[in-house]
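When reading the values below, keep in mind they use all heavy atoms of this one structure, side chains included, and skip hydrogens, waters and symmetry mates.
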Amino acid sequence: MTEDVRARFGPVAANYAHAKFHSSPEGLREVVELARPQLGDLALDVATGTGHVALALAPHVRRVYGLDLTREMLDQARRVTAERDLMNVEWVIGDAVRLPFADETFDLYTVRAAPHHFLDVDHFLHEAYRVLRPGRHAVFVDCAPPMPARDVLHEVEKRRDPSHVMSRTVEEWVELLEHAGFVVDSAIPRELDWDFEDWMRTMAVPAPMVAELAEIVESAEGEARRQLRPERRDGRLWHAYWHALIRAERPG
Amino acid sequence: MISEELLEILACPKCHTKIEYREPDKLRCPNCKVVYPIVDGIPVMLIEEAKPDEE
């Protein structure tokens with residue numbers, strides 16, 4: 001199985017259209033395409049935040065639940081639900097690692113841009129597996145820099161956002177998913193053209209720390225440097241960044 | 001406020017037992033003997049927010 005997945009690795013086109021990852025229409029379309037929702041599906045979007053993925057799935061499924069730890073996030077999501085007059089979306093406060101749902105409930109499970117915050121990834125995947133019906137699919141999208149760039153970015157990520165626990169490489173993702181019982185259909189590394197300062201701004205990183213963290217990226221050496229390709233364009237730092245787009249099945 | 005369908009699939013995050021709806025705003029786990037609150041129409045299914053059931 002891993003061999004099939006590895007066959008999909010390799011050179012990937014940089015996505016020069018990267019802008020605001022969490023809400024960009026391209027990013028959402030990508031998740032929906034990967035999820036291949038069916039009109040009869042009961043779907044769960046975990047760590048939904050303000051509900052971007054759940055709301056994007058809503059027109060394509062029978063019903064979707066968005067789960068998040070944070071009420072403020074879900075209140076925002078609920079406002080959008082009302083504005084768009086969506087009747088098939090509902091919100092639940094809960095933890096991705098302790099899902100409040102019965103076994104074998106959902107036809108589709110999605111999680112995006114969240115697993116790098118989870119301390120217990122094995123348990124998180126075990127829970128995803130548990131609530132999925134056999135023969136159904138889960139979609140995992142998260143940051144996933146390759147080694148050794150991951151080690152360079154790890155220090156930057158931790159200081160930019162203390163709730164960052166760890167990014168997994170695509171290979172690590174596949175191993176973790178297979179360990180949890182999933183069959184990985186596809187695991188696609190997506191290389192992005194990354195605007196460093198914009199990235200810092202989303203977490204309101206103070207200027208002196210922005211400079212320090214830029215120095216870490218710009219002083220990367222060897223293979224990590226070849227992967228990151230840091231460069232200044234009109235004074236702004238740009239470098240490569242990576243996401244993994246993974247579709248996996250709970251075997252039937 | 002909460003759909004019938006959600007009540008059908010909600011389970012205790014601790015033991016996965018199907019929860020029971022207690023009007024107007026509680027969800028009870030008959031196994032753990034705790035209740036989870038529904039706050040402003042959203043179920044709060046966090047183990048640390050559960051209260052001992054007084055039934």
- Just by distance, do the side chain of A/Glu172 and the backbone of A/Thr169 share a donor-acceptor pair under 3.5 Å? yes
- Query: Would you call A/Arg130 and A/Asp103 a salt bridge, taking side-chain N to carboxylate O under 4.0 Å as the test?
  - Reply: yes
- Using a cut-off of under 4.5 Å for heavy-atom pairs, which of B/Val44, B/Ile2, B/Ile38, B/Val39 has the most such pairs with chain A? B/Val39
- Heavy-atom contact with chain A under 4.5 Å, split by part of B/Ile47: side chain
- Would you check, one step at a time, whether the test salt bridge (charged side-chain N to carboxylate O under 4.0 Å, His left out) holds for A/Arg62 with B/Glu5? CA-CA 11 Å; A/Arg62 182 167 61 79; B/Glu5 178 150 16; 3.0 Å; yes
- Message: Using a 4.5 angstrom heavy-atom cutoff, name the option from A/Glu90, A/Arg63, A/Glu127 with the most pairs to chain B.
- Response: A/Glu90
- Contact leader toward chain A among B/His16, B/Met45, B/Glu8, B/Lys14, where contacts are heavy-atom pairs under 4.5 Å: B/His16
- Query: Do A/Arg71 and A/Asp75 sit within salt-bridge range, that is, some charged N less than 4.0 Å from a carboxylate O?
  - Reply: yes
- Message: Tell me if a side-chain donor or acceptor on A/Glu249 pairs with a main-chain N or O of A/Val183 at a distance below 3.5 Å.
- Response: no
- Task: Please flag which part of A/Leu67 lies under 4.5 Å from any non-hydrogen atom of chain B: side chain, backbone, both or neither.
- Result: neither
- Query: In terms of heavy-atom proximity below 4.5 Å to chain B, should A/Tyr65 be classed as side chain, backbone, both, or neither?
  - Reply: side chain
